[in-house]
Amino acid sequence: MTSVISVPPRAGGLLTAAHPGPALAVATVAALLAVDAGLTPGTAVVVTLAVFTGHLTLGFANDLLDARRDRAVGRTDKPLATGRVGAGAVTATLVVAALACVVLSLAAGWRSGVVHLVLGIGAGQTYNLGLKRTALSWLPYAVTFGTLPAVVSLAGAPPAWPPWWMLAAGATLGVGAHVVNALPDLADDLRTGVRGLPHRLGERTARPLAAGLLVAASVLAAFGPAGAPAAWVWLVLLAVAALAAVALIGRGRGPFRAAMAIALLDVVLLVAAG
């Protein structure tokens, strides 16, 4: 007899509402940065889990606050909008993830914890709470992604801020990711009153801007360290250019996945630089 393991609908709905893909991608970036920074295995795990749980709270809050809008535009991929999971269950799971994030963040050291909770997750929640509807919609992404290297390095011994170019690369990548993530939903967002930077620019301007920002982030990661880049770095930049082309001409969620792939390649460049 063959048994099939299935995920209960409620659990599947909670998982979807957490936006696990982006959370895993950013946590992977944090883990690689932690290894490169020479953190002890225990501290590296704590920092990675802090980043992961923090981004789960961003996903849960996003779906909770957008539930009415998602129902209005008929989003079938949103479990709160379709009724696959209730707001109470998502709220309870959000609280658990938030408590775990606070404990883990502070366990990594108060400097790292404060930067992560205030500049990382706090900035991200300002997007959910209203900045997404303004011309400053890019700012939370710039702050959250830009300070991620600091969350890792400040957990080290001794704690230290990363170089400026590493912060700039993260911020630039974050803004590019924001723009490509908004592209598939421009029409639906405008119908429900969301007018962030990508919406104000329009797709014809926003799409090439996103591709340029993604490439710029990789250039900062490649050329920020002192010395001429190795030959393999140019191969990585070629791969980045190809992924940026996906962001430029792709449709659906393909451009955002390309942005996350560029983020991982940027970490490869940063690790090599370290």
Side-chain angles (χ1 to χ4, degrees), residues 19 21-23 25-26 55 58-59 61-78 80-81 123-148 167-221 237-266:
H19 299 203
V26 178
H55 277 265
L58 296 178
N62 180 273
D63 273 23
L64 278 169
L65 293 169
D66 283 355
R68 184 177 297 178
R69 292 180 49 251
D70 291 336
R71 282 192 289 269
V73 298
R75 290 287 297 269
T76 59
D77 60 325
K78 297 289 188 176
L80 274 167
Q125 295 294 7
T126 65
Y127 176 84
N128 289 331
L129 292 169
L131 276 185
K132 68 189 298 179
R133 297 177 174 84
T134 75
L136 293 177
S137 63
W138 58 273
L139 186 57
Y141 276 81
V143 175
T144 298
F145 279 75
T147 55
L148 182 58
L167 299 172
T172 305
L173 176 67
V175 178
H178 162 52
V179 177
V180 298
N181 189 44
L183 290 176
D185 303 321
L186 288 181
D188 287 345
D189 287 345
L190 288 171
R191 284 173 53 195
T192 53
V194 175
R195 294 190 69 247
L197 179 65
H199 310 81
R200 295 164 190 260
L201 293 175
E203 183 173 357
R204 291 183 62 180
T205 301
R207 191 174 287 276
L209 172 64
L213 287 168
L214 295 174
V215 172
S218 301
V219 170
L220 281 166
L237 290 176
L238 284 175
V240 167
L243 290 166
V246 173
L248 182 62
I249 64 176
R251 292 295 182 267
R253 296 298 170 186
F256 185 71
R257 295 188 183 100
M260 291 298 97
I262 289 175
L264 294 176
L265 289 178
D266 286 350

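Just so we're clear, the structure is a prediction, and the values are computed from it rather than from any experiment.
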Checklist entry - Does any N or O in the side chain of T144 come within less than 3.5 Å of the main-chain N or O of A123, such that one atom is a donor and the other an acceptor? => result no

Checklist entry - Which atom names give the shortest non-hydrogen contact between A72 and R191, and what distance separates them? => result O-NH2, 3.8 Å

Item to check | R71 side, atom CZ; L80 side, atom CG - distance, nearest 0.5 Å | outcome: 7.5 Å

Next on the checklist: Let me confirm one number: the OG1-OH distance from T134 to Y127, rounded to the nearest 0.5 Å.
Outcome noted: 9.5 Å

Item to check | P22: side chain to side chain contact (heavy atoms under 4.5 Å, CB included) partners, not counting sequence neighbours | outcome: H19, F256

Checklist entry - Just how far is it from atom CG of L265 to atom CG of L238, taken to the nearest 0.5 Å? => result 11.5 Å

Next on the checklist: Quick check for you: to the nearest 0.5 Å, what is the distance between L186 atom CG and D189 atom CG?
Outcome noted: 6.5 Å

Next on the checklist: Can you give me the closest heavy-atom contact between A135 and L197, atom names plus distance?
Outcome noted: O-CB, 3.8 Å

Checklist outcome for this item: Residues A206 and V179: closest non-hydrogen pair is O-CG1, 3.3 Å

Item to check | side-chain contact (heavy atoms from CB on, under 4.5 Å) between Q125 and L65, worked out | outcome: CA-CA 11 Å; Q125 295 294 7; L65 293 169; 5.7 Å; no

Item to check | Trace of the side-chain contact (heavy atoms from CB on, under 4.5 Å) decision for N181 with H178 | outcome: CA-CA 5 Å; N181 189 44; H178 162 52; 5.7 Å; no

Checklist entry - Does D66 pair with K132 as a salt bridge, N-O distance under 4.0 Å? => result yes

Next on the checklist: Between R195 (side chain only) and R200 (backbone N and O only), is there a donor and an acceptor less than 3.5 Å apart?
Outcome noted: no

Item to check | Spacing of CD1 belonging to I262 relative to CG belonging to L237, to within rounding of 0.5 Å | outcome: 10.5 Å

Item to check | L58 CG to D63 CG distance, which is reported to the nearest 0.5 Å | outcome: 11.5 Å

When the side chains of residues 208-221 are checked against the rest of the protein, which donor-acceptor pairs come out under 3.5 Å, sequence neighbours left out?
| unit_1 | atom_1 | unit_2 | atom_2 | d |
| --- | --- | --- | --- | --- |
| S218 | OG | L214 | O | 3.3 |
| S218 | OG | D266 | OD1 | 2.6 |

